[in-house]
Engineer: 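First the structure, which I've put down as C-alpha cells, then a few questions once you've had a look.
Below, all heavy atoms of this structure are taken into account, side chains as well, without hydrogens, waters or symmetry copies. Remember, predicted model here, so these are calculated numbers, not experimental data.
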Amino acid sequence: MEGTVLLVLSMSVVLLLLLSKLIKSLLVAKPKHNMPPGPWTVPVIGNLHNVITGPNIHRAMRRLSRKHGPLMSLRLGEVAAVVVSSPEAVQEVMKAHDIAFSDRHRVLRAGGHVLACRKRIQRILEQIIQETKDAGTESECFVSVLLRLQKERSTPIPLDDETIMAVMFDMFAAGSETSSTTLIWCMTELVRNPDVMARAQAEVREAFKGKNTITEQDLKGLRYLRLVIKEALRLHTPAPLLVPRKCRETCQVMDYDVPKGTAVFVNMWAICRDPKYWDDPEEFKPQRFDNSDLDYKGTNYEFLPFGAGRRICPGINLGVGNIELALASLVYHFDWKLPDGIEPKDVDIFEAAGLVASKKTSLMVHPVTRIPPANV
C-alpha cells in the first residue's frame with residue numbers, strides 16, 4: 001500500500017513539474033514578427049489551396065497580391081514564403097538586402113531525392129570537363145577558360161571541379177529552356193501581329209540583303225528585332241517567379257519582418273503586366289521600348305526577366321544570343337502562314353502549368369521559303 005502511495009506521489013510531482021514548465025514556456029515572451037499581410041492559413045497545407053486554384057501559380061499569386069499587397073505572406077505546406085509583386089519591394093530584396101536574400105531555396109522531392117535529371121546532367125558535365133582537360137587545346141572555350149583560371153588560382157574562391165560544374169550547370173540550364181520558350185513566344189506574337197512581323201522582316205531582310213547565312217556577327221544592327229524580344233520577355237516572362245530565394249537572416253522589407261529561412265518569390269510576371277508601370281500592359285507593343293533606357297540587365301526593377309543582384313541569371317548573354325540568332329534566321333528565310341481558316345487573333349496565348357511559362361499548345365504555322373539558306 002505504501003509503495004503504491006509513493007508511486008502516485010512521485011508521478012504527481014513529475015506531472016506538476018512538467019505542467020509548471022509548460023506554463024512557464026507559454027508565459028515567456030517570445031519575439032513577435034511583424035509579418036506582411038496574407039490570406040488565412042489552414043492546418044498542414046497552409047495556403048496551398050489558394051495558389052493551386054488555377055492552371056498557373058503566378059496568376060493565382062497576382063490575384064492574392066491585389067488583395068493583400070505587394071509584399072504578401074504565404075505558407076506553402078511547412079514552408080513560410082513571401083511573395084514580392086512591386087518594383088519598390090523588389091529593389092529592397094535584390095539591392096538593399098541582396099546579401100540577406102542571396103541563398104537559394106532548394107526544392108527536394110519526397111524522400112530527399114534531387115530534381116529536373118540533375119544527376120544525369122552532372123555526369124555529362126563531368127565528362128566535358130575531363131575531355132577538355134585531356135584535349136589540352138589552345139582555343140579558349142567557356143570550359144577551358146574556367147580550367148585555366150583553376151590552374152592559375154587567380155580567383156578569390158577555390159575553383160575546383162565541383163565549382164566549375166556548378167557554374168556550367170547554371171549557365172546552360174539558365175540559357176536553354178527559357179531561351180526556347182521565349183523564342184516560341186516571339187514567333188507566336190509575331191504571327192498574332194502581322195504589322196510587327198512585317199516590320200521585323202523588313203529590317204532583317206534589308207540588313208542581310210544578298211546573304212544566305214546569318215552569323216552572330218551580323219546581328220549588331222537589328223534594332224527593332226531586339227525590341228520584339230524585349231516585349232516578348234515582358235509579356236511572357238519565361239520564369240514568372242524568377243528563381244526562389246531564401247532569407248539567410250531576419251531583416252525588414254517595407255517595414256515588415258521577413259524571418260530567417262523564409263522562401264521569397266518575386267512575381268515578375270505580375271510586375272511586367274502591372275498597369276501602374278506599363279501602358280496597355282496586356283498588349284504586345286515592341287515600340288514601348290523605343291527611345292527608352294529600360295533594359296533587362298538588372299537595374300530597372302519593373303523589368304527583370306532575368307532577375308538582379310547576386311542571383312541574376314548567369315545565362316543572360318547566352319540565352320539572348322540564342323534567341324536573336326534563331327529569330328533573325330526564322331523571319332529572314334521564311335514567310336509564315338497560318339492554317340486555312342485560322343486568323344491571327346485566333347492563335348491562343350495560354351500558358352502551360354509549371355515554373356517556366358511555356359506555351360500550352362504548339363504553335364502551328366506553315367513556313368514558305370523566301371530566301372533559301374545556304375545548306376538547302
Side-chain angles (χ1 to χ4, degrees), residues 137-142 144-145 171-172 174-236 238 283-297 305-306 315-340 342-345 347 349 358-359 362-376:
T137 179
E138 293 297 327
S139 63
E140 289 207 334
C141 65
F142 177 66
S144 64
V145 170
M171 176 68 74
F172 293 111
S176 56
E177 183 180 5
T178 51
S179 299
S180 61
T181 296
T182 302
L183 180 62
I184 292 172
W185 283 122
C186 285
M187 287 299 299
T188 299
E189 291 294 354
L190 287 175
V191 170
R192 282 171 50 86
N193 298 272
D195 55 331
V196 178
M197 172 72 88
R199 185 172 174 181
Q201 286 182 320
E203 178 188 63
V204 172
R205 289 172 181 173
E206 178 62 28
F208 304 143
K209 187 183 297 183
K211 290 191 174 185
N212 283 19
T213 303
I214 299 176
T215 64
E216 293 181 23
Q217 288 71 29
D218 299 323
L219 300 175
K220 296 180 181 178
L222 300 181
R223 186 169 175 274
Y224 187 72
L225 195 75
R226 287 195 171 90
L227 302 185
V228 171
I229 294 172
K230 277 187 176 182
E231 180 69 342
L233 287 169
R234 180 197 70 83
L235 195 60
H236 304 286
E283 300 296 321
F284 187 79
K285 294 183 175 181
Q287 63 270 23
R288 75 172 74 246
F289 289 99
D290 204 9
N291 299 319
S292 170
D293 294 330
L294 275 175
D295 209 342
Y296 43 68
K297 298 299 178 65
F306 300 104
I316 293 180
N317 293 333
L318 175 64
V320 174
N322 287 340
I323 297 167
E324 288 180 352
L325 184 59
L327 186 61
S329 299
L330 289 173
V331 300
Y332 179 66
H333 290 294
F334 305 99
D335 290 330
W336 297 92
K337 307 297 182 184
L338 289 168
D340 292 339
I342 303 296
E343 297 295 324
K345 61 181 176 58
V347 178
I349 50 173
S358 56
K359 192 172 182 298
S362 299
L363 176 63
M364 304 298 292
V365 286
H366 301 304
V368 179
T369 303
R370 177 70 176 265
I371 302 170
N375 58 348
V376 173

Engineer: Apply side chain to side chain contact (heavy atoms under 4.5 Å, CB included) to Tyr224 and Val204, showing your working.
Structural biologist: CA-CA 9 Å; Tyr224 187 72; Val204 172; over 6 Å; no
Engineer: Closest heavy-atom contact between Ala207 and Leu222?
Structural biologist: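 Of all heavy-atom pairs spanning Ala207 and Leu222, the closest is CB-CD2, 3.9 Å.
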Engineer: Main chain of Met197, side chain of Glu189: is a donor-acceptor contact present, judged purely on distance under 3.5 Å?
Structural biologist: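 No; zero donor-acceptor contacts below 3.5 Å.
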Engineer: So how far is it from Leu219 CG to Phe208 CZ, rounded to the nearest 0.5 Å?
Structural biologist: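 Interatomic distance, Leu219 CG to Phe208 CZ, rounded to 0.5 Å: 5.5 Å.
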Engineer: Taking atom CG of Leu225 and atom SG of Cys186, what is their separation to the nearest 0.5 Å?
Structural biologist: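 These two atoms lie 7.5 Å from each other.
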Engineer: So do Leu330 and Leu183 actually touch side chain to side chain, heavy atoms under 4.5 Å?
Structural biologist: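 Sidechains of Leu330 and Leu183: in contact.
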Engineer: Residues in side chain to side chain donor-acceptor pair (under 3.5 Å) with Asn291, at least two apart?
Structural biologist: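 By the side chain to side chain donor-acceptor pair (under 3.5 Å) rule, Asn291 matches no residue at all.
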Engineer: Taking side chain to side chain contact (heavy atoms under 4.5 Å, CB included) as the test, write out the residues that go with Ile371, two or more places apart.
Structural biologist: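 Ile371 satisfies side chain to side chain contact (heavy atoms under 4.5 Å, CB included) with Arg205, Tyr332, His333 once adjacent residues are dropped.
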Engineer: Locate the shortest heavy-atom distance separating Phe284 from Val228; write the atom from each residue and the value.
Structural biologist: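 Reported closest heavy-atom pair: CZ-O, 3.9 Å.
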Engineer: Just to verify, what does Asp218 make a side chain to side chain donor-acceptor pair (under 3.5 Å) with, not counting sequence neighbours?
Structural biologist: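 Residues passing side chain to side chain donor-acceptor pair (under 3.5 Å) with Asp218: Lys211, Thr215.
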Engineer: Could you tell me whether the side chain of Gln201 reaches within less than 4.5 Å of the side chain of Asp335, counting heavy atoms only?
Structural biologist: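 Yes. Closest side-chain heavy atoms under 4.5 Å.
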Engineer: Suppose we screen for side chain to side chain contact (heavy atoms under 4.5 Å, CB included). Which residues come up paired with Ile184, at least two apart in sequence or across chains?
Structural biologist: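 If we apply the side chain to side chain contact (heavy atoms under 4.5 Å, CB included) test to Ile184, skipping adjacent residues, the hits are Thr188, Lys359.
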Engineer: Less than 4.5 Å apart, any side-chain heavy atom of Trp336 and any of Leu190?
Structural biologist: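 Heavy-atom side-chain distance check fails, nothing below 4.5 Å.
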Engineer: Assess whether salt bridge (Lys or Arg N to Asp or Glu O under 4.0 Å) is satisfied between Glu203 and Arg223, documenting all intermediate values.
Structural biologist: CA-CA 8 Å; Glu203 178 188 63; Arg223 186 169 175 274; over 6 Å; no
Engineer: Side chain to side chain contact (heavy atoms under 4.5 Å, CB included) with Pro238: which residues, sequence neighbours excluded?
Structural biologist: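 Pro238 satisfies side chain to side chain contact (heavy atoms under 4.5 Å, CB included) with Thr178, Thr182, Leu233 once adjacent residues are dropped.
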Engineer: What's the separation between atom CE in Met364 and atom CG in Leu338, rounded to the nearest 0.5 Å?
Structural biologist: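 If I round to the nearest 0.5 Å, the distance is 10.5 Å.
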Engineer: Measure from the side-chain N and O atoms of Arg192 to the backbone N and O of Val347, and report whether any donor-acceptor pair falls under 3.5 Å.
Structural biologist: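 Yes.
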Engineer: Working to the nearest 0.5 Å, report the span between CD of Glu283 and CG of Asn193.
Structural biologist: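 One finds 8.5 Å between CD of Glu283 and CG of Asn193.
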Engineer: Out of curiosity, Phe289 CZ to Tyr296 OH, how far, rounded to the nearest 0.5 Å?
Structural biologist: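 So the CZ of Phe289 and the OH of Tyr296 are separated by 10.0 Å.
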Engineer: Between atom CG of Leu327 and atom CD1 of Ile229, what is the distance when rounded to the nearest 0.5 Å?
Structural biologist: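 Going from the CG atom of Leu327 to the CD1 atom of Ile229 covers 5.5 Å.
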Engineer: Does the side chain of Lys230 come within less than 4.5 Å of Pro286's, by heavy atoms?
Structural biologist: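 When only atoms from C-beta onward are counted, Lys230 and Pro286 do not touch, as no gap falls below 4.5 Å.
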Engineer: Taking atom CD as the centre, does Gln287 end up with more than 12 heavy-atom neighbours from other residues, nucleotides or ligands that are less than 6.0 angstrom away?
Structural biologist: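 Count over threshold, so yes.
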Engineer: Please check if atom CG in Asp293 has more than 12 non-hydrogen atoms from other residues, nucleotides or ligands closer than 6.0 Å.
Structural biologist: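 Counting neighbours around CG of Asp293, 12 or fewer heavy atoms of other residues, nucleotides or ligands fall under 6.0 Å, so no.
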Engineer: Which heavy atom in Lys337 sits nearest to a heavy atom in Val368, and how many Å separate them?
Structural biologist: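 Distance-wise, the nearest heavy atoms are CG-CG2, 3.8 Å.
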Engineer: With a 4.5 Å heavy-atom cut-off, do Phe334 and Thr369 have their side chains touching?
Structural biologist: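 Heavy-atom side-chain distance check passes, below 4.5 Å.
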Engineer: Do any pairs count as a salt bridge (Lys or Arg N to Asp or Glu O under 4.0 Å) and have a residue in residues 320-329, sequence neighbours left out, and if so which ones?
Structural biologist: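 Only Arg226-Glu324 qualify under salt bridge (Lys or Arg N to Asp or Glu O under 4.0 Å).
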Engineer: Less than 4.5 Å apart, side chain to side chain, heavy atoms only: is that true for Leu235 and Ile349?
Structural biologist: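 A side-chain contact under 4.5 Å is absent here.
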